[in-house]
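No hydrogens, no waters, no symmetry mates; every other heavy atom, side chains included, goes into these values.
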Amino acid sequence: MDHRFVGIPELTDVPRVAVVVDVMRAFTVAAWAFSRGAEKIVLASSDGEALTLKESRSGWLALKDGAPAVGFDTVNSPGLISSLDLAGRTLVQKTAAGTVGALAVASAPLVLCASFVVAGATARFLKTEGSGPVTFVVTGDAGQAAEDLACAEYIGQHLDGGAVEVAPYLHRARTSRAAADLADGVRRGYQGVHPDDVDLCLEVDTFSFAMVARQEGSVTVLRPAAAPDGSADASW
């Protein structure tokens with residue numbers, strides 16, 4: 001199937017089906033947040049909007065890229081999110097790439113957000129709910145991020161059928177500039193990164209749900225969505 005792989009700047013029309021990929025770290029973080037009990041994630045277009053949304057609802061939490069900042073409850077790190085109790089909570093997420101990409105295609109009929117930890121579930125969901133070619137939005141580095149493109153191509157290969165060996169795709173992600181930058185941040189003791197971040201971003205099919213973004217009123221909301229059981233599919 002003739003899927004498209006585009007960067008955010010290359011989005012010139014509204015796709016029918018979009019998969020927005022951010023491996024390091026937005027949509028790995030989102031998946032971990034759902035696994036820790038979060039009900040939904042509201043995607044914000046700026047730090048200011050994230051804080052305004054948080055303040056508009058009692059009990060909402062906000063997270064962002066980079067170091068901890070006043071008003072934000074946590075940062076965009078799967079290593080940190082994985083230890084939190086988020087049962088029933090709503091998160092407001094703002095990142096430099098992933099949330100920007102999701103908001104850019106928010107009006108599409110079907111939008112999924114993905115990373116390696118939900119890759120299999122994303123493909124299974126698309127096989128059930130989607131039809132026709134998929135536009136993969138490679139969010140990092142203006143569409144050139146090796147880890148995002150590798151994950152997008154891995155999902156695309158599954159959609160096209162047949163067994164897919166994940167090791168080459170993970171190698172591309174592990175040797176990416178983003179992985180090197182995260183590892184360097186850990187070595188330098190930067191706030192906002194965790195020693196487990198790279199490894200958590202490179203886990204495959206950790207979770208059995210897909211993540212669907214839909215417009216709800218004036219905001220775009222990400223929620224987990226059940227994917228068909230892949231046990232009958234030998235490629236999984």
Exercise for review: Provide the full list of ring-ring contact (aromatic ring centres under 6.0 Å, His included) pairs with a residue in residues 206-225, sequence neighbours left out, each pair given once.
Suggested key: W32-F207, F207-F209
Check your understanding: Excluding sequence neighbours, so at least two apart, what forms salt bridge (Lys or Arg N to Asp or Glu O under 4.0 Å) with R36?
Key -> none
Those residues that, when tested against [X], pass side chain to side chain donor-acceptor pair (under 3.5 Å) (two or more places apart):
X: T28; answer: S115
X: D47; answer: none
X: E49; answer: S45
X: S35; answer: none

**Study point:** Any pair counted as salt bridge (charged side-chain N to carboxylate O under 4.0 Å, His left out), so long as it reaches residues 108-117, sequence neighbours left out
**Key:** none
Could I get the full list of side chain to side chain contact (heavy atoms under 4.5 Å, CB included) partners for [X], not counting sequence neighbours?
X: E39; result: R223
X: D141; result: Q144, A145, R177
X: D73; result: K54, L61, A62

Practice item. Dump the intermediate steps for side chain to side chain contact (heavy atoms under 4.5 Å, CB included) on Y154 and V204, then the final yes or no. Key: CA-CA 11 Å; Y154 177 66; V204 181; 3.9 Å; yes
**Study point:** Residues which pass ring-ring contact (aromatic ring centres under 6.0 Å, His included) with F34, listed by chain and number, not counting sequence neighbours
**Key:**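 F34 satisfies ring-ring contact (aromatic ring centres under 6.0 Å, His included) with no residue once adjacent residues are dropped.
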Review point. Is the shortest side-chain N to carboxylate O distance from R174 to D199 below 4.0 Å?
Key: yes
Exercise for review: Could you please spell out the steps behind the side chain to side chain contact (heavy atoms under 4.5 Å, CB included) verdict for E129 and L112?
Suggested key: CA-CA 11 Å; E129 301 293 335; L112 280 78; over 6 Å; no
Check your understanding: Are the side chain of K94 and the backbone of L51 linked by a donor-acceptor contact shorter than 3.5 Å?
Key -> no
Point to revise | Whichever hydrophobic residues join V219 through chains of side-chain contacts under 4.5 Å | key: V42, L53, W60, V92, V221
Exercise for review: Could you walk me through whether R4 and E10 pass salt bridge (charged side-chain N to carboxylate O under 4.0 Å, His left out), step by step?
Suggested key: CA-CA 11 Å; R4 291 199 302 159; E10 299 171 278; over 6 Å; no
